Amino acid sequence: MASTRTNAGRYEPSLIEPKWQEVWEREGLYRASDDPNDPRPRFYALDMFPYPSGDLHMGHAEAFSGGDAVARFAAMRGFNVLHPIGWDAFGLPAENAAIKRGTHPKEWTYANIEQQARSFRRMGMSFDWTRRLHTCDPEYYRWTQWLFLKLFERGLAYRKTAPANWCPNDQTVLANEQVVNGACERCGTAVVRKDLTQWFFKITDYAQRLLDDIDELVDWPERVITMQRNWIGRSEGARVEFEIAETGDTVEVFTTRPDTLWGVTFFVFAIEHPLVRKLADAGGSASEAEELIRRLQATPLTNREQAESREGVRLGVHAVNPVNGEKVPCFVAPYVLMEYGTGAVMGVPAHDQRDFEFAREHGLPIRVVVQPEGETRDPETMTEAYDHEGVMVNSGPFDGVRSPESIGQVIRWLEEQGKGKAAVTYRLRDWLISRQRYWGAPIPIVHCPEHGEVAVPEDELPVLLPDDVDFRPGGESPLARHEGFVSTTCPVCGAPARRDTDTMDTFVDSSWYFFRYCSPGDATRAFDPELVARWMPVGQYTGGVEHAILHLLYSRFFTKVLYDMGLVSFTEPFPRLMNQGQVIYGGAAMSKSRGNIVEPMPLVERWGADTMRLMMLFAGPFEDDIDWKLIAPDPDRRPGVNAWLGRVYAVVHEAAGREAAEPESLRRLTHRTIRAVTEDLERFRFNVAISKLMVLSNEIRSTLDAGGGAREAAVALVQMLAPIAPFLSEELWREALGNDSSVHVSSWPSHDPKLAREERTVLVVQVDGRVRDRIEMPADASEEDCRQAALASEHARRFLEGREVARVIVRAPKLVNVVTSG
RNA sequence: GCGAGAGUGGCGGAACCGGGAGACGCGCCGGACUUAGGAUCCGGUGCCCGCAAGGGCGUGGGGGUUCGAGUCCCCCCUCUCGCACCA
């Protein structure tokens with residue numbers, strides 16, 4: 001039996017916290033129950049799993065403080081909670097660190113995981129540790145590879161040659177983020193474009209569904225939805241075929257403005273367009289065109305995309321405008337992108353700013369075919385393209401037709417004439433998953449001279465990552481240099497064959513981990529569909545906005561593929577998403593180069609995990625950034641929330657041992673607070689919830705000082721504090737309040753509506769909208785009572801002297817506004 | 001440029017539906033305890049006038065709707081974030 005009479009002493013987190021951490025672990029408090037007969041409703045509380053780059057940082061501390069509060073709150077409200085943890089453990093930093101320190105990526109990775117796991121335990125996170133996973137474990141990436149094969153089977157994984165950023169010094173492909181000002185972020189060498197054959201996932205097949213199903217995301221931050229929409233980038237318009245006069249080739253263009261077809265004065269190809277060389281030959285411009293292509297092909301992708309050059313080479317051939325038979329000159333120019341639309345565009349300088357600039361640079365004619373209502377644009381005097389609505393002119397049968405209706409009319413006409421058709425284009429491109437790196441899941445494909453790309457049979461998975469690899473940069477990718485890995489036999493014919501030596505983008509690993517948590521030990525399949533059906537979709541997903549696009553889009557894509565495979569019955573994995581803000585310092589991101597990094601774990605050691613959590617959750621709205629310099633300007637000063645926890649500690653101990661009757665005013669406050677805090681936590685308004693708990697604890701203090709009892713209030717306070725400060729509340733719950741089992745399995749307090757209702761209220765008396773008096777009234781005062789009281793108010797009457805009362809507006813029992821005239 | 005969001009005390013931030021602006025906390029000021037305090041406790045704290053009672057002003061700026069606007073509408077300014085040659 002725990003003692004109910006604990007000598008209060010001082011609040012010492014360093015004594016309290018490790019003690020309860022051990023007890024919780026021993027009691028298996030946070031284990032999710034897979035028992036189908038468990039009567040509790042299920043709740044899947046998911047936090048974006050961390051990358052083990054070192055110890056936990058402030059971002060983790062914030063995100064997980066919120067996610068853990070969500071999970072604990074749900075558990076106390078009677079849910080069977082699944083709150084798992086794992087590590088997104090493949091990736092480049094492990095290799096870079098390994099190169100720098102001369103250790104194996106595996107050692108570095110697992111050491112960091114252990115460190116983070118220790119820190120999570122120290123923070124008191126309510127994880128079900130039995131479900132822990134690491135994406136770099138063969139038991140996990142075996143199924144990543146299996147999923148690759150499923151996509152391959154369905155034609156959703158394919159290989160094509162595509163340009164990539166290539167560092168000639170490190171002999172490797174770089175992601176766009178690793179190219180800084182056109183140079184390799186690690187060695188500073190100028191990056192070049194290089195065509196490589198690489199694996200892609202055909203996410204573009206799902207573009208429309210990814211867009212449509214946004215409707216199923218019932219609780220996502222608006223801005224994340226917007227980012228996803230923009231990234232998919234649907235545009236509607238038409239495809240129109242042009243013929244090349246000199247060669248007879250036909251070329252398709254995509255346009256969102258078919259109503260400007262009569263304004264076409266030139267035609268432009270992207271440098272990678274397959275017809276360019278042929279047309280240059282035909283037009284006698286082969287050498288200039290070749291020179292341009294060679295020069296630009298070497299420029300890194302990121303640079304070229306930022307360049308705003310309007311240079312271009314006249315090919316010497318002409319395109320025939322299908323709407324009026326006009327021949328216009330063709331160009332090749334870098335401002336047209338092969339990656340978007342068809343890689344060729346019609347040039348309408350009067351109505352497209354880029355075309356306008358190009359026309360001015362090359363002395364091309366400009367023809368206005370859409371005039372703004374009541375105005376006239378003259379090509380001679382125009383300084384920019386006119387791309388708004390207007391009336392069509394110089395457009396044959398369409399003269400006088402107004403936009404936006406004109407666009408649809410022209411499309412219909414094009415279709416009737418067989419010259420074009422309505423079309424939709426997406427900005428979204430296929431997902432390039434190949435990485436010429438070591439520390440990732442090997443792509444389970446064998447290249448056979450006879451049979452081409454052959455899937456590794458499922459029962460031969462995983463394709464293990466060899467340990468004894470030279471992963472330093474240089475030459476080919478690390479796996480390509482490992483003869484024992486590369487040489488194998490063809491699964492079809494048994495002839496000597498070579499393994500694919502690419503590894504997968506780590507976003508592949510993280511696109512399905514939330515399924516694995518549902519049945520983490522399953523050695524026979526990626527996940528158990530029955531358990532997934534039971535736990536998913538995720539009840540609440542918590543993580544940073546930095547994953548607003550890629551991770552979330554890829555996970556949505558995977559879920560839809562699994563749905564199409566019949567393995568899951570839902571199409572969106574995360575209907576509810578909550579983004580924490582960033583923790584910054586002095587208005588800027590924390591970074592080594594700025595030297596402004598604050599580490600969470602030393603603060604946890606000094607002040608306690610509960611204090612760390614409270615600092616995070618009390619600082620402001622969860623989704624807002626926290627500037628650490630503003631909320632904790634002096635690192636040696638005791639944080640305010642730590643002092644408050646100390647007062648809670650004292651107050652609860654005192655209240656626990658007090659026999660005196662509890663005043664009704666305190667009881668009313670307690671029940672009002674229960675109602676309010678419950679609502680606040682449902683909406684993740686942690687900062688507001690905490691402020692209300694502070695009000696309650698202040699009131700308990702006054703009550704005790706006045707000799708009153710406060711046990712009911714103290715019990716409620718401790719329970720409501722549990723999701724936010726789990727250690728202190730457990731200590732108080734068991735030691736001060738004398739409970740035998742954990743506060744974290746206790747039932748969330750409920751309020752008595754009768755007590756929560758206000759019984760007296762302050763009536764505000766206004767004269768002409770200005771507050772002139774406040775009168776205490778019973779909460780059930782009638783309109784007439786309020787009117788009488790207001791008009792009787794001496795304070796108010798002083799302002800009514802010499803004026804006539806025109807109307808009296810009564811909002812019983814809160815407000816009366818006396819309106820005067822004259 | 002396009003898209004999204006935000007401007008409230010010295011600071012972080014509260015304010016449900018249009019109804020008491022500034023909850024709660026930090027900081028600061030004063031006091032108590034103290035050799036001391038970066039500890040603890042008590043009181044004060046939007047700005048201006050006033051000894052006070054009290055009054056005036058006040059939610060980025062300007063206009064509007066309303067008995068009443070931080071909240072709704074229009075215009076403007078500033079900041080943050082995302083995308084950025086997307087045809």
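By convention in this document, chain letters (A, B, ...) are assigned in the order of the sequence lines, proteins followed by strands, and residues within each chain are numbered from 1. If you're wondering where the values come from, they're calculated on a predicted model, not measured in any experiment.
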Q.
For the C1' atoms, the ones on B:rG19 and on B:rG5, what distance do you get once it is rounded to whole angstrom?
A. 28 Å
(Q) Considering every strand and a 4.0 Å limit on heavy-atom distances, what is the contact class for A:R685: base, sugar-phosphate, or nothing? (A) sugar-phosphate
Q.
Rounding to an integer number of angstrom, what distance separates B:rG43 and B:rG60 when you compare their C1' atoms?
A. 35 Å
Q.
Do A:T678 and A:H751 make a side-chain contact, defined as non-hydrogen atoms from C-beta onward lying under 4.5 Å apart?
A. no
Q. Given that both distances must come in under 3.5 Å, which nucleotide forms a Watson-Crick or G-U wobble pair with B:rU59?
A. none
**Q.** Any-strand Watson-Crick or G-U partner of B:rU45, both distances under 3.5 Å
**A.** B:rG27
Q: Determine the contact category for A:F267: base if any of its heavy atoms lies under 4.0 Å from a base atom, sugar-phosphate if only primed atoms, P, OP1 or OP2 are that close, otherwise nothing.
A: nothing
(Q) Between A:V764 and A:R772, which residue's closest nucleotide on RNA chain B lies nearer the 5′ terminus? (A) A:V764
**Q.** Whole-Å gap separating P (B:rC85) and CZ (A:R360)
**A.** 23 Å
Q: Report yes or no: is the cationic atom of A:R772 (NZ for Lys, CZ for Arg) closer than 6.0 Å to the six-membered ring centre of A:F799, at no more than 45° off its axis?
A: yes
Q. Is B:rG82 paired to anything, Watson-Crick or G-U wobble with both distances less than 3.5 Å, and if yes, which nucleotide?
A. B:rC2
Q | Euclidean distance for P, B:rC29 against B:rC47 (whole angstrom) | A | 14 Å
Q | Verdict with reasoning, A:Y335 to A:S309, per side chain to side chain contact (heavy atoms under 4.5 Å, CB included) | A | CA-CA 7 Å; A:Y335 87 90; A:S309 153; over 6 Å; no
Pairs under 3.5 Å (N/O, protein and nucleotides 77-83 of chain B):
from, atom 1, to, atom 2, distance (Å)
B:rC83, O3', A:R427, NH1, 3.4

Q. Under a 3.5 Å cut-off for both distances, is B:rG18 Watson-Crick or wobble paired, and to whom?
A. none
**Q.** Contact summary for A:A812 and A:A781, nearest pair of heavy atoms
**A.** CB-O, 3.8 Å
Q: For A:R675, answer base if it contacts any base atom (sugar-phosphate contacts may also be present), sugar-phosphate if it contacts only those atoms, and nothing otherwise; contact means non-hydrogen atoms under 4.0 Å.
A: nothing
Q: Measure centre to centre between the rings of A:F242 and A:F267, then say whether the value is under 6.0 Å.
A: yes
Q | Ring-face cation of A:R427 near A:W231 (centre distance under 6.0 Å, axis angle within 45°) | A | yes
**Q.** Nearest-angstrom distance, P atom, B:rG30 to B:rA23
**A.** 22 Å
Q) Roughly, in whole Å, what's the span from CG in A:D352 to P in B:rC86? A) 7 Å
Q.
Quiz question: by atom type and distance under 3.5 Å, do the side chains of A:S702 and A:D705 form a donor-acceptor pair?
A. no
Q) How would nucleotides 24-49 of chain B be written as a contact map, 5' to 3', with B for base contact, S for sugar-phosphate-only contact and - for no contact, using protein heavy atoms under 4.0 Å? A) BSSSS---------BSSS--------
Q. Once you round it to whole Å, what is the distance between P of B:rA84 and OH of A:Y340?
A. 13 Å
Q: Mind checking A:V771 for me? I need base, sugar-phosphate or nothing, with any heavy atom below 4.0 Å counting as a touch.
A: sugar-phosphate
Q | For B:rU34, the Watson-Crick or wobble partner whose two distances fall under 3.5 Å | A | none
Q: Kindly label the base of B:rG9 as syn or anti, based on whether its glycosidic torsion lies within 90° of 0.
A: syn
(Q) Need the glycosidic conformation of B:rC17: syn if within 90° of 0, anti if not. Which one? (A) syn
Q. Distance between the P atoms of B:rU40 and B:rA53, in whole angstroms?
A. 33 Å
Q) Looking only at heavy atoms, which two atoms of A:M720 and A:I724 are closest? And how far apart? A) O-CD1, 4.4 Å
**Q.** Separation of B:rG3 P from A:I232 CD1 (nearest whole Å)
**A.** 18 Å
**Q.** A:V819 and A:D768, any side-chain heavy atoms less than 4.5 Å apart
**A.** yes
Q. Whole-Å distance between B:rG19 P and A:E783 CD?
A. 17 Å
**Q.** Residues in side chain to side chain contact (heavy atoms under 4.5 Å, CB included) contact with A:V764, at least two apart in sequence or another chain
**A.** A:Q766, A:V771, A:L815
Below 3.5 Å, can you tabulate the donor-acceptor pairs from side chains in residues 789-797 of chain A to any protein atom, sequence neighbours excluded?
from, atom 1, to, atom 2, distance (Å)
A:S793, OG, A:D773, OD2, 2.7
A:S793, OG, A:H795, N, 3.4
A:S793, OG, A:A796, N, 3.0

Q: Would you kindly give the CZ-to-P distance between A:R683 and B:rA14, to the nearest whole Å?
A: 11 Å
Q.
Heavy-atom nearest nucleotide on RNA chain B for A:V688 versus A:T761: which residue maps closer to 5'?
A. A:V688
Q. Taking the same atom, P, in B:rC24 and in B:rG44, what whole-Å distance lies between them?
A. 11 Å
Q. Which residues satisfy the side chain to side chain donor-acceptor pair (under 3.5 Å) test with A:R223, sequence neighbours excluded?
A. none
Q: May I ask you to check whether A:F507 and A:H551 place their ring centres under 6.0 Å from each other?
A: no
(Q) Under 6.0 Å between ring centres: does that hold for A:F622 and A:F684? (A) no
Dump every N/O contact between nucleotides 66-72 of chain B and the protein below 3.5 Å, one line per pair.
from, atom 1, to, atom 2, distance (Å)
B:rC67, OP1, A:R807, NH1, 3.1
B:rC67, O2', A:N817, ND2, 3.4
B:rC67, O2, A:N817, ND2, 2.5

Q.
Check this one for me: any side-chain N or O of A:T425 less than 4.0 Å away from OP1 or OP2 of B:rA87?
A. no
Q) How many Å lie between CG on A:D355 and C1' on B:rC86, as a whole number? A) 13 Å
Q | Inter-nucleotide C1' distance (B:rA69, B:rC86), Å rounded | A | 43 Å
Q: Between B:rA21 and B:rC75, how far apart are the P atoms? Round to whole Å, please.
A: 29 Å
Q.
If I take atom CZ in residue A:F356 and atom C1' in nucleotide B:rG1, what distance separates them, rounded to the nearest angstrom?
A. 16 Å
